[in-house]
Peer 1: 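The structure under discussion is supplied below as structure tokens; questions concerning it will follow.
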Amino acid sequence: MSEFVKLIVGGKTYDIPVISGSEGEKAIDITELRKKTGLITFDPGFANTGSCQSSVTFMDGEKGVLRYRGIPIEDLASNSTFIETSYLLINGRLPKRKELNRMSVLLNDASLVHEDMQTFFQKFPRASHPMGILSSMVTALRSFYPELQILEEEINITVMRLLSKIRTLAAMSYKISRGHKVIYPRPDLCYCGNFLNMMFDNPVKPYTLKGDLIRALNVFWILHADHEQNCSTTAVRVVGSGRVNLYAAISAGIAALWGPLHGGANQAVIEMLSRIVKSGESVSGIIEKAKDKKQSFRLMGFGHRVYKTYDPRALILKGQCDNLLTKLNLSDPLLDVARKIEEAALKDDYFIEHHLYPNVDFYSGILLRTMGIPTNMFTVMFAIGRMPGWISQWMESIDDPRWKLCRPRQIYIGSNVQPYIPIDER
Ligand code: ACO
């Protein structure tokens with residue numbers, strides 16, 4: 001039976017339809033609101049706004065649940081690979097062995113980038129942030145790989161190119177920033193192994209791939225692969241709604257992810273923990289500073305727009321950090337401080353009342369550090385992981401007959417009509 005909410009405007013009652021999702025969430029469908037009532041809704045930051053119907057990812061922020069295409073994140077992190085999870089997100093189901101092998105072949109075929117792109121890299125100032133470089137290079141891919149005539153072929157090839165080349169571009173940007181020789185992708189290595197090899201192999205010190213690092217990287221990227229309508233995914237969908245090419249839409253996602261309130265938080269967490277270790281500042285002092293509204297400081301890696309409990313990805317990453325450090329027989333003072341901060345925050349009234357728990361970025365940087373990834377590459381690592389999510393959400397949007405050009409309205413609060421005053425009379 002159809003459900004409605006009643007809205008009374010100027011004494012007149014309107015029945016506004018309620019729509020439901022497959023997990024029971026409900027939304028008031030306001031698509032006809034302005035036409036019928038002359039009103040719009042006001043929701044800064046879109047905290048109460050469902051922008052689309054989606055079958056990619058389900059999350060329950062109150063219960064700490066995350067599923068890709070219905071499969072719990074915990075199961076994927078334990079059993080899947082990043083490439084299998086990418087297939088799942090993009091195609092809506094797990095691949096058969098033959099399909100997975102075919103995907104690996106396609107990714108290998110697409111792994112090289114045009115040699116002329118290296119010229120671009122060389123011209124960026126050495127101190128450039130890799131996220132700025134990555135975003136520019138992804139847009140530039142369109143110029144190097146012009147549009148194909150058949151739409152389906154164009155989409156399939158572009159998807160494989162993006163998944164494969166982002167990893168090559170990221171490793172290239174790191175090598176060039178260090179003034180080192182670029183290492184090419186190898187067809188005999190898996191996706192994650194290939195990336196680690198391109199990052200760390202060099203002509204005078206060959207890199208030995210370790211199974212534990214490859215597994216940890218798979219888990220890291222699986223956990224970052226999608227997160228429904230977050231800031232960067234929304235950027236991809238919004239920019240894509242203007243019907244730009246997929247490279248440009250993804251590039252917008254990379255730019256959005258760069259911010260410290262979003263994907264850039266993983267870098268900010270390590271910078272914060274390093275400062276604490278270096279300065280010897282007490283954990284209680286940090287907690288007090290984070291609560292003090294007179295200071296702009298926030299506890300990085302804590303809090304989330306949707307999760308009001310422990311982010312399930314943070315829980316898995318915390319375990320991965322312990323596991324990898326033990327296997328490699330290493331220790332990290334930053335992990336010790338992180339654990340102490342978490343312990344103190346989870347007992348603190350302010351954090352409890354504000355529902356502030358560790359998010360995905362709190363432990364991810366420690367895992368990346370253990371792999372040898374430099375801090376300024378952390379957000380790039382997030383971007384590589386998010387690629388299948390951005391792609392699947394974009395594909396869903398272009399197939400959705402209800403997805404329109406994104407163009408919100410506003411409540412104007414500026415001056416009323418004013419005369420133009422000639423410059424000599426002002
Ligand atoms: N430290 C201290 N206080 C915080 C924190 C924090 N990390 N996060 C939120 N708060 C407080 C705010 O001061 C505010 O308090 P008030 O209501 O008393 O004024 C309240 O909690 C709500 O904060 P908002 O910023 O309104 O919540 P929002 O949902 O917009 O923010 C966000 C979510 C941006 C993630 C926020 O928690 C934050 O800034 N966290 C730190 C940055 C971070 O870790 N970002 C990564 C998020 S995960 C991701 O994007 C991949």
Side-chain angles (χ1 to χ4, degrees), residues 43-49 57 59 61-62 64 66 68 73 131 220-236 252-273 275-276 281 283-318 334 337-338 341-368 375 378-390 393:
D43 186 20
F46 313 129
N48 305 285
T49 296
T57 288
M59 59 188 289
E62 268 71 36
L66 176 61
Y68 299 159
I73 193 68
M131 283 297 273
F220 174 86
W221 277 337
I222 288 169
L223 297 179
H224 286 79
D226 194 47
H227 214 223
E228 51 118 301
Q229 309 313 316
N230 57 85
C231 173
S232 55
T233 300
T234 300
V236 169
I254 296 172
L257 190 73
W258 191 356
L261 293 190
H262 189 20
N266 57 11
Q267 178 173 343
V269 169
I270 291 297
E271 287 164 356
M272 176 186 82
L273 295 175
R275 266 197 318 273
I276 297 169
E281 197 173 347
V283 166
S284 56
I286 288 295
I287 299 286
E288 288 313 309
K289 206 158 102 183
K291 289 156 44 175
D292 184 354
K293 300 287 179 204
K294 287 193 217 90
Q295 304 205 40
S296 60
F297 177 79
R298 279 188 169 197
L299 193 56
M300 299 313 285
F302 262 73
H304 196 275
R305 174 61 62 79
V306 181
Y307 291 121
K308 298 304 161 205
T309 181
Y310 215 112
D311 179 336
R313 302 166 302 171
L315 209 56
I316 299 171
L317 280 170
K318 189 180 174 188
L334 268 55
V337 176
I341 291 178
E342 180 192 328
E343 203 185 326
L346 296 186
K347 280 196 277 202
D348 188 279
D349 285 347
Y350 172 94
F351 283 82
I352 295 168
E353 277 156 24
H354 286 77
H355 306 290
L356 300 172
Y357 293 85
N359 60 48
V360 69
D361 292 316
F362 195 61
Y363 287 105
S364 66
I366 295 169
L367 191 70
L368 293 176
T375 312
F378 285 4
T379 317
V380 167
M381 298 298 289
F382 191 155
I384 301 174
R386 186 52 57 87
M387 187 60 85
W390 287 332
Q393 299 273 351

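In listed order, ligands and their atoms are each counted from 1.
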Peer 1: Does ligand 1 have an atom under 4.0 Å from some heavy atom of Ala290?
Peer 2: yes

Peer 1: With a cutoff of 4.0 Å, is Lys291 in contact with ligand 1, counting heavy atoms of the residue only?
Peer 2: no

Peer 1: Measure centre to centre between the rings of Tyr307 and Tyr357, then say whether the value is under 6.0 Å.
Peer 2: no

Peer 1: Relative to ligand 1, is Lys293 under 4.0 angstrom through side chain, backbone, both or neither, heavy atoms considered?
Peer 2: side chain

Peer 1: Please name all residues satisfying side chain to side chain donor-acceptor pair (under 3.5 Å) with Asp226, sequence neighbours left out, ordered by chain then number.
Peer 2: Thr57, Gln393

Peer 1: Taking non-hydrogen atoms only, is Leu356 closer than 4.0 angstrom to ligand 1 via side chain, backbone, both or neither?
Peer 2: side chain

Peer 1: Are any of the N/O atoms on Gly263, whether in the backbone or the side chain, positioned under 3.5 angstrom from an N/O atom of ligand 1?
Peer 2: no

Peer 1: Contact between Phe382 and ligand 1, counting heavy atoms under 4.0 Å?
Peer 2: yes

Peer 1: Would you mind finding which of Phe351, Phe362, Phe302 brings a heavy atom closest to atom 41 (C) of ligand 1?
Peer 2: Phe302

Peer 1: Polar contacts were defined as any N/O atom of the residue lying under 3.5 Å from an N/O atom of the ligand; does this apply to Lys308 and ligand 1?
Peer 2: no

Peer 1: With the threshold set at under 4.0 angstrom, would you say Phe297 reaches ligand 1 through any of its heavy atoms?
Peer 2: no

Peer 1: Return the option from Leu299, Leu261, Asn266 holding the heavy atom at the smallest distance from atom 45 (N) of ligand 1.
Peer 2: Leu261

